[in-house]
Amino acid sequence: MADVVKVTLPDGSAKEAPRGTRILDFVKGSIGAGLAKAAYFAKLDGEPVDLSRTLDRDARLEVVTTKSPEALEVARHDAAHVMASVVQKLYPGTQVTIGPSIEEGFYYDFARAQPFTPEDLEAIEKATNEAIAADLPFVREEVSLEEAVALFDGLGEKYKVEIIGDIARKGAKTLTLYRHGGWVDFCLGPHGPSTGRIGVVKLMSVAGAYWRGDAKNAMLQRIYGTAFFDRKALEAHLARLEELKKRDHRKLGPALGLFAFHEVAPGSAFWLPHGTTLYNLLADAMRRLVSRNGYQEVKTPLLFHKRLWEQSGHWGVYRENMFLVLDKESDPSLPVEERLSMSLKPMNCPSHYLIYKMARRSYRELPVRYFTVDVLHRNELSGSLGGLTRVRQFAQDDSHIFVMESQIPDEVERITGLMKTVYGAFGLEFTLRFSTRPPNPADRVGDDALWDKAEGALRAALDRLGLPWELNPGDGAFYGPKIDFVVTDSLGRKWQTCTIQLDYAAPERFDLSYAGDDNREHRPVVIHRAVYGSFERFIAILTEHYAGAFPAWLAPVQARVLTVSDRFDAWGREVADRLAAQGWRVELDHSSDKLGAKIRNAQLAKIPFALVVGEKEVEAKAVSPRRHGGADLQSMPLDAFAELLRREATPPF
RNA sequence: GCCGACAUAGCUCAGCUGGUAGAGCAACUGAUUCGUAAUCAGUAGGUCCCCGGUUCAAAUCCGGGUGUCGGCUCCA
């Protein structure tokens, strides 16, 4: 066996090193001191490893420096370890569980009878940063599972012992320990070289979290934090959080008169005049779009007898989420549970199936596309309600499309076309995620042949679209595979909005059929789809995306006329009236405020156009528009402004 | 639902260890008639989330409830 190993670098060049050389020493000696200083961890043949590991075989070596997002991810995991060590020092008797790095930071779950207070958090943060300053090396050690159990059992860490049991069941024989200072935890690694390299840690919040996320398990204390290599990056992150807070639809919605909540109706919004305008504009635009695309709008009952839900299967699996209603003519001697035999609909699908069944269908009329904007109710857990994104009452731009199997690819393409039109109009990027059958056959209906067919059809449709998509194996609905649209807003946040779901099960349950060209009965396939998703959630996304400054076509008030003084109110009034008569949404500010104040108020109300009217404008029968955001347009005749509105404020679809 | 925090005027917030509730903005009234992000003065506005308890006395302390917010596996 040669006592040198060949190390291939990312640029393709190869170097030799004595077998057993530490990666960090190799980098320092054979590549450069600068890289060694910036290095955080490394990859050997693509596998992440500590810099303290040795080169024992020929391998490709990639050095990951603190410039890489991957290094930050590792550093945050390092930070979780350091914080946990500090917590155990400060609060003896606290047990550790898990502490992963997450998208914007890290968390660590602790088992401790007493919750952490905000003051505790401050103390922990301070001590964590002190431990970082102490620059303790992370030391890796591999031990047998028996040794590990003995170690953690001895420390009284019963959650850790439980995790080791899981690891043993997965077939592992050894465990890697990481120590810093006198503290020890186990994890896959890698870690950075030492605590000092982490940078700066900021603790964000405490929260309860169930062990393994299951409400049946013990409640743990979770501490969320984040870490950055330098303070500046941390401050940028905190500034971004501030910006998010400013854009929060829960704040902007009531402030702009869009919607409000009241404690007598948790989870159900009151739509105020401006919000109702916005809601209706979105609904009207969608109605026009779908009616041009072969959809038929229908309205169905809100209240149904439970027999419908028994047939659809909801009564078994979804009953917890439905609002049940007492049938007062039911037998009073029956238990209340049985008298609650009516329910508010949580979904539109079954009623669309019933409409489909109200006539005998021919292959000639497929695809049949029903569209409904009706109020739906779902009884979400009180603790999960929040703003417009998690509500109990909402409406979807919901459709169910009945197709022959051969029509699936065309129909999916057609639906995706709608998505492109709509999301393009809002400047929202989206990516596609294809979810396939749940892995456990017990969690799905239909045999493998059916699933093969359904997945094949969706995949074929995806390929034809030519849009990039990623696979999300095993995440399909129990009745069929689906395509999810993940939208990215102006702040880079991702939202799962609409889905296209193939459903082979519902046609069976409801015995749906159509007469084919062979004059025999066939089963159609149902496609569930929504473009906005729910109006409530979509308005929340748009509000934050636009920071409340909606484009002119959507703005509840499109223009506000500002008179320079009340000598010009008559022309101001006429401007407002004439624009309103043409269907534009206009207000007049004839208060005795000075122009500067009127401008300011119009800006704060995020109205797209402020129309200044003074002496010049009266003489010229003109207005001087000023865009939200400050751009001052030249004075123009009123008709020219109306033309500008026609160009900019007409719904794009 | 569970864990934690919070709840004072329309909004943003102050109100110390218990002693008759305050500011700014908004609103209203008056004056001002003004050219691109705040004119001045005055007036009014409160079930201190709700229900109990302790106390001579509760926004404040205690208990219960409601609502809101942060969370409740991105799995060593």
Q.
Looking at B:C74, which nucleotide sits across from it as a Watson-Crick or G-U wobble partner, both distances under 3.5 angstrom, or is there none?
A. none
Q.
What I want to find out is whether A:Glu243 reaches A:Arg247 closely enough, with some N-O distance under 4.0 Å, to be called a salt bridge.
A. yes
Q: Check A:His262 against A:Phe270 and note the closest heavy-atom contact, atom names and distance.
A: CB-CE1, 3.4 Å
Q. Checking all strands, does A:Pro266 fall into the base, sugar-phosphate, or nothing category for heavy-atom contacts under 4.0 angstrom?
A. sugar-phosphate
Q.
Does A:Lys251 reach a base, just sugar-phosphate, or nothing at all? Heavy atoms under 4.0 Å.
A. sugar-phosphate
Q. Counting any heavy atom closer than 4.0 Å, what does A:Ser624 reach on the DNA or RNA strands: base, sugar-phosphate only, or nothing?
A. base
Q: Report the distance from atom CD of A:Gln221 to atom P of B:G70, rounded to the nearest whole Å.
A: 18 Å
Q. Looking across every strand, which nucleic acid part, if any, lies under 4.0 Å from A:Ser205 by heavy atom: base, sugar-phosphate, or nothing?
A. sugar-phosphate
Q | Assigned partner base of B:A23, Watson-Crick or wobble definition, under 3.5 Å | A | B:U12
Q) Is the closest basic N to carboxylate O distance between A:Asp214 and A:Arg212 below 4.0 Å? A) no
Q: Measure from CG on A:Leu381 to P on B:C2 and round the result to the nearest Å.
A: 10 Å
Q.
Need the pair for B:G4. Rule: Watson-Crick or G-U wobble, both distances under 3.5 Å, any strand; none if unpaired.
A. B:C69
Q.
Let's test this: given Watson-Crick or G-U wobble pairing with both distances under 3.5 Å, identify the partner of B:U55.
A. none
Q: Go through the steps for A:His237 and A:Thr226 under the test side chain to side chain donor-acceptor pair (under 3.5 Å), then give the verdict.
A: CA-CA 9 Å; A:His237 177 250; A:Thr226 191; 4.7 Å; no
Q: Would you indicate which nucleotide in B:A38, B:A76, B:G71 comes nearest to any side-chain atom of A:Cys187?
A: B:A76
Q: Rounded off to whole Å, could you give me the CG-to-P distance for the A:Leu72 and B:C74 pair?
A: 19 Å
Q) Does A:Asp166 pair with A:Arg169 as a salt bridge, N-O distance under 4.0 Å? A) yes
Q: Just call it for A:Arg222: base, sugar-phosphate, or nothing, with non-hydrogen atoms closer than 4.0 Å on any strand.
A: sugar-phosphate
Q) Taking CG from A:Leu604 and C1' from B:A38, how many angstroms apart are they, rounded to a whole number? A) 9 Å
Q) In residues 384-392 of chain A, which ones come under 4.0 Å of RNA chain B, going by heavy atoms? A) A:Ser384, A:Leu385, A:Gly386, A:Gly387
Q: Just call it for A:Gly596: base, sugar-phosphate, or nothing, with non-hydrogen atoms closer than 4.0 Å on any strand.
A: sugar-phosphate
Q.
Are A:Phe110 and A:Tyr91, when compared by the centres of their aromatic rings, separated by less than 6.0 Å?
A. no
Q) Want to settle it: does A:Glu615 or A:Phe186 sit nearer the 5' end of RNA chain B, counting the closest nucleotide to each? A) A:Glu615
**Q.** Selection from B:C74, B:A76, B:C72 that lies nearest to any side-chain heavy atom of A:Ala209
**A.** B:C72
Q.
I need the minimum non-hydrogen distance between A:Gly630 and A:Arg626, along with the two atoms involved.
A. CA-NH1, 3.5 Å
(Q) Measure CG/A:Asn321 against C1'/B:G1 and give the value in whole Å, please. (A) 12 Å
Q | Side-chain H-bond candidate by donor/acceptor type, A:Trp211 with A:Thr97, under 3.5 Å | A | no
Q: Go through B:U66, B:U68, B:G71 for me and flag the one nearest to the A:Tyr224 side chain.
A: B:G71
Q. Mind checking the C1' distance from B:A23 to B:G15? Whole angstroms is fine.
A. 11 Å
Q. If each of A:Phe116 and A:Thr174 is mapped to the nucleotide of RNA chain B with the nearest heavy atom, which maps nearer the 5' terminus, i.e. the 5' end?
A. A:Phe116
**Q.** Summary of protein contacts for nucleotides 23-34 of chain B, nucleotide by nucleotide, where a base hit scores B, a sugar-phosphate-only hit scores S (4.0 Å, heavy atoms)
**A.** --------BBBB
(Q) Using the C1' atom as the point on both nucleotides, what is the distance between B:C74 and B:G18, in whole Å? (A) 49 Å
Q. A:Phe261 has an atom CZ; how far is it from atom P of B:U68, in whole Å?
A. 8 Å
**Q.** Interatomic distance at C1', B:G46 relative to B:U8, whole Å
**A.** 8 Å
**Q.** Closest to side chain of A:Lys616, choosing from B:C69, B:G35, B:C75
**A.** B:G35
**Q.** Lys/Arg N to Asp/Glu carboxylate O, A:Lys494 vs A:Glu103, below 4.0 Å
**A.** no
Q.
Using a distance-only criterion (donor-acceptor N/O pair, under 3.5 Å, no hydrogens), is the base of B:G35 paired with the side chain of A:Glu617?
A. yes
Q) Within 45° of the axis and under 6.0 Å from the centre of the six-membered ring of A:Phe323, does NZ or CZ of A:Arg378 qualify? A) no
Q: Consider the side chain of A:Lys160, meaning its heavy atoms from C-beta on, and name the nucleotide among B:C2, B:A76, B:C72 that approaches it most closely.
A: B:A76
Q. What closest approach, in Å, do A:Glu648 and A:Ala552 show between heavy atoms, and which atom pair accounts for it?
A. O-CB, 4.1 Å
**Q.** G-U wobble or Watson-Crick pairing nucleotide for B:G35 (cut-off 3.5 Å, both distances)
**A.** none
Q) Can you find a side chain N or O atom of A:Arg250 that sits less than 4.0 Å from OP1 or OP2 on B:U68? A) no
Q. Rounded to whole angstroms, how far apart are CG on A:Asp475 and P on B:C74?
A. 12 Å
**Q.** Distance-only polar pair, side chains of A:Asp109 and A:Tyr159, donor-acceptor under 3.5 Å
**A.** no
Q) Has the side chain of A:Tyr210 got a donor or acceptor that lies under 3.5 Å from a partner of the other kind on the base of B:G71? A) no
**Q.** Parallel, tilted or perpendicular: ring planes of A:Trp183 versus A:Tyr108, cut at 30 and 60 degrees
**A.** perpendicular
**Q.** Nucleotide forming a Watson-Crick or wobble pair with B:G42, both distances under 3.5 Å
**A.** B:C28
Q. Within 45 degrees of the axis of the six-membered ring of A:Phe106 and under 6.0 Å from its centre: does A:Arg76 put its NZ or CZ there?
A. no
Q.
Which residues in residues 81-92 of chain A have a heavy atom closer than 4.0 Å to any atom of RNA chain B?
A. none
**Q.** Opposite nucleotide pairing with B:G18, Watson-Crick or G-U, both atom distances under 3.5 Å
**A.** none
Q. Taking the six-membered ring where the residue is Trp, are the ring centres of A:Phe485 and A:Phe430 under 6.0 Å apart?
A. yes
Q) To the nearest Å, how far apart are A:Leu244 CG and B:G70 C1'? A) 15 Å
Q: Answer with base, sugar-phosphate or nothing: what part of the nucleic acid does A:Leu188 contact at a heavy-atom distance below 4.0 Å?
A: base
Q. If the C1' atom of B:A9 is compared with that of B:A5, how far apart are they to the nearest Å?
A. 24 Å
